[in-house]
Amino acid sequence: MSDENNKRTRKPLGLKRSVDAGEVKQTFSHGRTNKVAVEVKRRRKLVKPGETPAPAPEATPAPTPAPAPAPAPAARKTAAPKKKAPAGETAQERVKRLEREAEEMRLAQQAEDRKREEEAAKKRELDEKRRAEENRKAEEEAEKRAREEAEAAAMAEAEAAKQAADASGAEPGEAKAGGKPTVSRKFTPVARPEPKRPAKKKEEKRAETVGGGKDKRRSGKLTVSKALNEDEGRRARSLAALKRAREKERRMQGGGSSKPREKQVRDVVVPEAITVQELANRMAEKGADLVKELFNLGMMVTVNQTIDADTAELLVEQFGHNIQRVSEADVDISTEEDVDPEETLKPRPPVVTIMGHVDHGKTSLLDALRGTDVTKGEAGGITQHIGSYQITTKGSGKDKGQKITFLDTPGHAAFTEMRARGANVTDIVVLVVAADDGIMPQTIEAINHTKAAGVPMIVAINKMDKPEANPDNVRNRLLEHEVIVEKLSGDVQDVEVSATKKTGLDELLEAINVQAELLELKANPDRDADATVIEAQLDKGRGPVATVLVTRGTLKRGDTFVVGTQSGRVRAIVDDQGKQIKKAGPSMPVEVLGLGGVPSAGDQLTVVENEQRAREVAEYRQEKATEKRTALAPTSFDTMFNNLASNVIEWPVLVKADVQGSVEAIVNALHNISNDEIKVRVLHAGVGAITETDVSLAAASNAPIIGFNVRPNAKARELVKRDDVRMMYYDVIYHLTEEVAKEMAGELGPERIETVVGRAEVKQVFPAGKKDKAAGLLVIDGVIRQGLFTRLTREDVIVSATKIASLRRFKDDVDEVRAGLECGVVLEDTNDIKPGDNLEVFEVEERERTLEVG
């Protein structure tokens, strides 16, 4: 066709109706309109037989449409005739009728469109098949043509070779004298071998679908009627047929039921004690089979009961598995035998612990070394938990840029365990002694801890700026505790310093470096880390946080570890400056986030290979701790009766503190306050804020809650008001111990003090009135006064304890009778008086009770 015919022409303008033009405009309420395409059926003209119909008028040339299958005559439907409006129709009814007619026309149009799409899909499928057939025929013709050309070329080559052979054979034949010409041998042409071509891959037949073998993707648009009527008229496959097909497929693959299944032998790890179900899981057997076997052995058990290792071994052998005996102690991690080779060790910074009496300037000295001020943040100006810091020296030469790790321990008497823990993890101890105060109880305790740990000591005599400072007195007093300084020809270094004036600090750092060089401190940084927990707490925003000191190896972010009875994974590492770091080497104090719970201070942190190993070790340690806590002491009848006859008063209390070290110190201090008459019973001691569980426990036990640097949360505050639970808040430990001692003393009541005033002997008994009896006494010692307390004893056995109701000398009432005189008395509430009894008269004085705070 020409380009002019391909051009799209515009519709001519006319006065046709919209129905004749093929479109109907619908008008709805709210100004909505819609145009619907309408097919108009041509009018059929009837003619007489033999008469030719008049030619149809030529239509305006239209663009050639794409070839489409002609719709079947039966499928063509005429547009629905326009219904006449019924008489008396209202506007609403007319709108509803028009909407209904429009919806019917829309559905009819959609059905027509679907039919056209199906026919177009069928046509496309036929076209594809036809094109595939034509392509296949074209390929076959191309191959045939190529084969014919190859054969022709081979024939031509053979013909040329034959002619060349004839020409070369004729010349020597003519040269022979008197001979016949030699007849050449005929050459049979051989077809040239075809080059090997890769075999064409057979077209994979598409899997026939259930609905007649044609691909549903070629069947056009999926409609509702197709989806609903797809399986209509088709017989469904029965369940028996499906089972038969599956069984046949299983037999074809060699997994039929007739073939016996081969038993898999396993290596079963059996600890000292294991439940039947756990053993069945490790053997991959049914728990009921194990229970049945145990019944045959005469053991009536269930799957949840625990059996010993010998019984488990019998079961494992009975079921044909291999047993591996393992002790529960093998689960735990032991670092004592793990020693690093000498060639892997590298120098590490020294760990220095500052110890001494309270208020001798330990933290102030450390502040002067660090250039910070920590004491302002401490309650009461005293350190109440271990602080760990790392500084870099600013000296010159060899001492420049060296790192030193400092641990600051509290000096109060209650923090004995903290000082002991600080001495156990340290390399060098700096004993701070105030020059104006001398040797004090906590100073002596620090010396004992240092000697027990076996670490070297450096004495720092602080407060040298005060006029009353006397360092020689400190040196002489240290001799009493076998600490001989260098100035007195000893081996202990001593340095005179002043934390406020910052004098003598360089000499102290130099002494620390000299001592560290003598110790030759080394560790292996290229291994999994081991660390010691210095302090642990429960932070509200960060969760359980542990301050650890890395002893060897390198602690990295993402390491899986176990610490005490807790396990976890290192989520973040924070140094003493508050910055997050990726790894921490030996002798570095850091805060570790990512623990499953708050560990105990002093626990060992060990990095393990995976989380399963960490959980296994933590669970084992938790079981052992529970067994130890719930184990009953051996009892006897004597201890049982002693407990029944005991009159000791218990004072229940709950303790919550900010860090684990403070919890230990408070619990120990409360136990030290206890005596033979009253003792503290700690119901619960933990780290973190006071929760509603703590308040409920305190309300049930009628016990106060001691909060040390912590407060209750919102829900706990509501419960405190509702249940009227007593709260005791403290931030200094000696305030806490003093108040608790007063509370316990008040629980006991005032102290009663007896003072014996006089003694008398009963000489004769007289009747006094109808019921009472009067005793004639001879005063032996002291004074007998009316109204005092008395004890009547017979052969040194107390008969009664009462008061003197009446005292007479001769016939006169008197207030007192002195020694050597005779008198008569009437006792209250008793007439059991005999000659020869003794009367002891005493006064009772009540004083305020006080308990000694250790």
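- Proximity of a side-chain donor or acceptor of T275 to a complementary backbone N or O of Q305 within less than 3.5 Å is not detected.
- A salt bridge is absent between D559 and K583; no separation between the charged side-chain nitrogens and carboxylate oxygens falls under 4.0 Å.
- The closest donor-acceptor contact from the side chain of N462 to the backbone of A499 lies under 3.5 Å.
- Looking only at side-chain heavy atoms (C-beta outward), I444 and I439 come within less than 4.5 Å of each other.
- Atom CD1 in I354 sits 9.0 Å away from atom CG in L407 (nearest 0.5 Å).
- When atom types are taken as modelled, the side chain of T405 and the backbone of S587 share a donor-acceptor pair closer than 3.5 angstrom.
- Looking only at side-chain heavy atoms (C-beta outward), P456 and L519 come within less than 4.5 Å of each other.
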| task | Please lay out, stage by stage, how L605 and D530 fare under the test side chain to side chain contact (heavy atoms under 4.5 Å, CB included). | result | CA-CA 6 Å; L605 184 147; D530 287 341; over 6 Å; no
| request: Report the C-alpha separation of K624 and R621 in whole Å, then their side-chain angles, then the decisive distance to 0.1 Å, and conclude whether the side chain to side chain contact (heavy atoms under 4.5 Å, CB included) test is met. | output: CA-CA 5 Å; K624 290 301 177 183; R621 292 179 178 176; 5.7 Å; no
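- We find the CD-CG distance between Q537 and N709 to be 10.5 Å, quoted to the nearest 0.5 Å.
- Contact of the T737 side chain with the V740 side chain is not registered, since no non-hydrogen atoms from C-beta on lie closer than 4.5 Å.
- Without hydrogens or angle criteria, S701 side chain to A703 main chain gives no donor-acceptor distance under 3.5 Å.
- With R571 contributing its side chain and L593 its backbone, the two residues share no donor-acceptor pair below 3.5 Å.
- Enclosure of atom CG in N702 is not indicated, since only 12 or fewer non-hydrogen atoms of other residues, nucleotides or ligands lie within 6.0 angstrom.
- Around CZ of R681, the count of heavy atoms belonging to other residues, nucleotides or ligands within 6.0 Å does not exceed 12.
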| Chi angles and distances behind the side chain to side chain contact (heavy atoms under 4.5 Å, CB included) call for N524, R552 | CA-CA 6 Å; N524 180 14; R552 61 177 179 174; 5.5 Å; no
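- Salt-bridge annotation for E619 and R615: absent, with no side-chain N of the basic residue lying under 4.0 Å from a carboxylate O of the acidic one.
- Annotation: K451, atom NZ; neighbour count of heavy atoms from other residues, nucleotides and ligands within 6.0 Å is above 12.
- Within the 4.5 Å cutoff, the side chain of I705 has heavy atoms near those of the I690 side chain.
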| field | Pair D427-T353, side chain to side chain contact (heavy atoms under 4.5 Å, CB included): steps then yes or no | value | CA-CA 8 Å; D427 302 317; T353 301; over 6 Å; no
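- For T560 (side chain) and R569 (main-chain N/O), no donor-acceptor pair under 3.5 Å exists by modelled atom type.
- Scanning both residues, I573 and K556, for their nearest heavy atoms gives CD1-C, 3.9 Å.
- No donor-acceptor distance shorter than 3.5 angstrom exists from the side chain of T311 to the backbone of I307, with no hydrogens or angles considered.
- Interatomic distance, CH2 of W651 versus CG of L670, reported as 7.5 Å (0.5 Å rounding).
- How far CG of N448 is from NE2 of H481: 8.5 Å, rounded to the nearest 0.5 Å.
- For the residue pair A312 and V270, the shortest heavy atom distance occurs at CB-CG1, 3.5 Å.
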| request: Output, in order, the C-alpha distance, side-chain angles, deciding distance and verdict of side-chain hydrogen bond (donor to acceptor under 3.5 Å, both in side chains) for N668 and E664. | output: CA-CA 6 Å; N668 292 333; E664 293 178 0; 5.8 Å; no
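- Note that the CZ atom of F708 and the NZ atom of K656 stand 14.5 Å from one another [nearest 0.5 Å].
- What you find for V548 and A531 is that their closest heavy atoms are CB-CB, 4.0 Å.
- Of all non-hydrogen atoms in A618 and Q566, the two that sit nearest each other are CB-C, 4.1 Å.
- At least one donor-acceptor pair closer than 3.5 Å links the side chain of T554 to the backbone N or O of P525.
- The backbone N or O of G541 sits less than 3.5 Å from a side-chain atom of D539, completing a donor-acceptor pair.
- By the 4.5 Å heavy-atom criterion applied to side chains, T450 and M355 are counted as neighbours.
- At least one side-chain heavy atom of F561 sits under 4.5 Å from a side-chain heavy atom of V592.
- Inter-residue side-chain proximity for N304 and V276 is flagged as unmet; no heavy-atom pair is nearer than 4.5 Å.
- For the atom pair L521 CG and Q515 CD, the distance stands at 9.5 Å (nearest 0.5 Å).
- One N or O on the side chain of R282 and one on the backbone of V269 form a donor-acceptor pair closer than 3.5 Å.
- Contact record, V710 with Y729: O-CD2, 3.9 Å, taken as the closest heavy-atom pair.
- Between V617 and V608, every side-chain heavy-atom pair lies at or beyond the 4.5 Å cut-off.
- Pairing each heavy atom of L508 with each of A460, the nearest pair is CD1-CB, 4.5 Å.
- Considering Q390, M588, R348 as possible partners of K403, the one that fulfils the side chain to side chain contact (heavy atoms under 4.5 Å, CB included) test is Q390.
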